Amino acid sequence: FLPASVIKQRMQMYNSPYRGLLDCIQTVTRTEGMGAFYRSYSTQLTMNIPFQAVHFITYELMQEQLNPHRHYHPGSHILSGAAAGAVSAAITTPLDVCKTLLNTQENVALSSMNISGHLSGMANAFRTVYRLGGLPAFFKGVQARVIYQMPSTAIAWSVYEFFKYFLTKQHLESEAGSGAL
């Protein structure tokens, strides 16, 4: 949910001016309007498409190597899920950096670029990030993003594979049981 992400990121900023959740919501709404909560919407959508594509492709490639017969094997699901999260997070970090800049409207960054008012749009965010630090600026925080994604995607895939195994086993057992009557 995009507004929650904007609020979280603004409260996490160094020297955040907000005293709490409600203060952040009220101040942003009063000073920037409701649109501030959706400035990074197009960037978020643009980031999710390659993230999910790379995520599924990486998972399937890893499963092909680690578990070619596609049996239920928790270790391979955890490793494949972690790798999928790591690769997709790393590849989409530039979009995440731009999204964060749009969400936070980080004053030090914007004032150093002589940007007054509010930064909007993905293209403007890309230009600003590049002017602030060149290509390396697009990968700030890549390690933290990868470390954050790995356990969550490993858990998600292992839970998915467990329930797929469990439900398939239940279905096969019920079919075998009804066939015996």
Side-chain angles (χ1 to χ4, degrees), residues 1-59 80-160:
F1 186 57
L2 207 53
S5 179
V6 173
I7 295 162
K8 174 187 71 93
Q9 289 175 337
R10 285 181 180 232
M11 291 180 67
Q12 288 175 335
M13 288 176 13
Y14 178 72
N15 281 336
S16 175
Y18 309 107
R19 295 184 310 273
L21 176 73
L22 290 176
D23 179 48
C24 182
I25 294 168
Q26 291 168 341
T27 303
V28 170
T29 302
R30 184 177 61 253
T31 60
E32 300 177 45
M34 289 300 292
F37 295 107
Y38 298 94
R39 256 188 217 113
S40 68
Y41 185 70
S42 63
T43 307
Q44 181 72 44
L45 287 177
T46 304
M47 182 172 61
N48 284 345
I49 293 167
F51 182 95
Q52 293 302 327
V54 170
H55 183 114
F56 282 101
I57 290 168
T58 303
Y59 183 81
S80 297
V87 172
S88 53
I91 287 174
T92 58
T93 294
L95 291 163
D96 193 53
V97 168
C98 292
K99 179 189 73 140
T100 300
L101 180 60
L102 289 169
N103 282 349
T104 63
Q105 298 292 310
E106 213 284 310
N107 288 329
V108 174
L110 296 180
S111 62
S112 74
M113 298 299 301
N114 296 319
I115 296 172
S116 58
H118 303 292
L119 184 66
S120 64
M122 188 168 48
N124 286 332
F126 266 95
R127 276 192 293 277
T128 303
V129 170
Y130 185 77
R131 282 192 228 142
L132 283 167
L135 288 177
F138 287 104
F139 291 92
K140 291 256 182 184
V142 68
Q143 298 92 341
R145 187 164 151 73
V146 165
I147 289 168
Y148 172 81
Q149 285 294 331
M150 286 178 73
S152 64
T153 53
I155 292 167
W157 277 110
S158 61
V159 169
Y160 166 78

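Worth knowing before you read on, the calculation uses all heavy atoms, side chains too, and leaves out hydrogens, waters and symmetry mates. These figures come from a predicted structure and were not determined experimentally.
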Look at the side chain of [X] and the backbone N and O of [Y], then say whether any donor-acceptor pair between them is shorter than 3.5 Å.
{"X": "T58", "Y": "H55", "result": "no"}
{"X": "S16", "Y": "R10", "result": "yes"}
{"X": "T153", "Y": "M150", "result": "yes"}

Atom pair [atom1] ([X]) and [atom2] ([Y]), whose distance is rounded to the nearest 0.5 Å:
{"X": "M13", "Y": "C24", "atom1": "CE", "atom2": "SG", "value": "9.0 Å"}
{"X": "T46", "Y": "K99", "atom1": "OG1", "atom2": "NZ", "value": "12.0 Å"}
{"X": "N103", "Y": "C98", "atom1": "CG", "atom2": "SG", "value": "11.5 Å"}
{"X": "T93", "Y": "M47", "atom1": "OG1", "atom2": "CE", "value": "9.0 Å"}
{"X": "I7", "Y": "T27", "atom1": "CD1", "atom2": "OG1", "value": "11.0 Å"}
{"X": "L21", "Y": "Q26", "atom1": "CG", "atom2": "CD", "value": "9.5 Å"}

Testing the basics here: between [X] and [Y], what is the closest heavy-atom pair and its distance to 0.1 Å?
{"X": "S42", "Y": "M122", "answer": "OG-CB, 4.3 Å"}
{"X": "V97", "Y": "A137", "answer": "CG1-O, 3.7 Å"}
{"X": "Y38", "Y": "P3", "answer": "OH-CG, 3.4 Å"}
{"X": "L102", "Y": "L119", "answer": "CD2-O, 3.7 Å"}
{"X": "P151", "Y": "Y148", "answer": "CD-O, 3.6 Å"}
{"X": "L101", "Y": "A125", "answer": "CD2-O, 4.2 Å"}

- Taking the side chain as every heavy atom from C-beta outward, state whether T29 and F37 have any pair of such atoms under 4.5 Å apart. yes

- Item | Within-4.5 Å side-chain heavy-atom neighbours: K140 and V129 | no

- Message: Under the rule for side-chain contact (heavy atoms from CB on, under 4.5 Å), what residues qualify as partners of Y130, not counting sequence neighbours?
- Response: L135, F138

- Message: Using 30° and 60° as the class boundaries, would you call the ring planes of W157 and F56 parallel, tilted or perpendicular?
- Response: perpendicular

- Task: Take T104 and Q12, measure what side chain to side chain contact (heavy atoms under 4.5 Å, CB included) needs, and give me the verdict at the end.
- Result: CA-CA 9 Å; T104 63; Q12 288 175 335; over 6 Å; no

- Item | Derivation of the side chain to side chain contact (heavy atoms under 4.5 Å, CB included) call for V28 and Y18 | CA-CA 10 Å; V28 170; Y18 309 107; 3.6 Å; yes

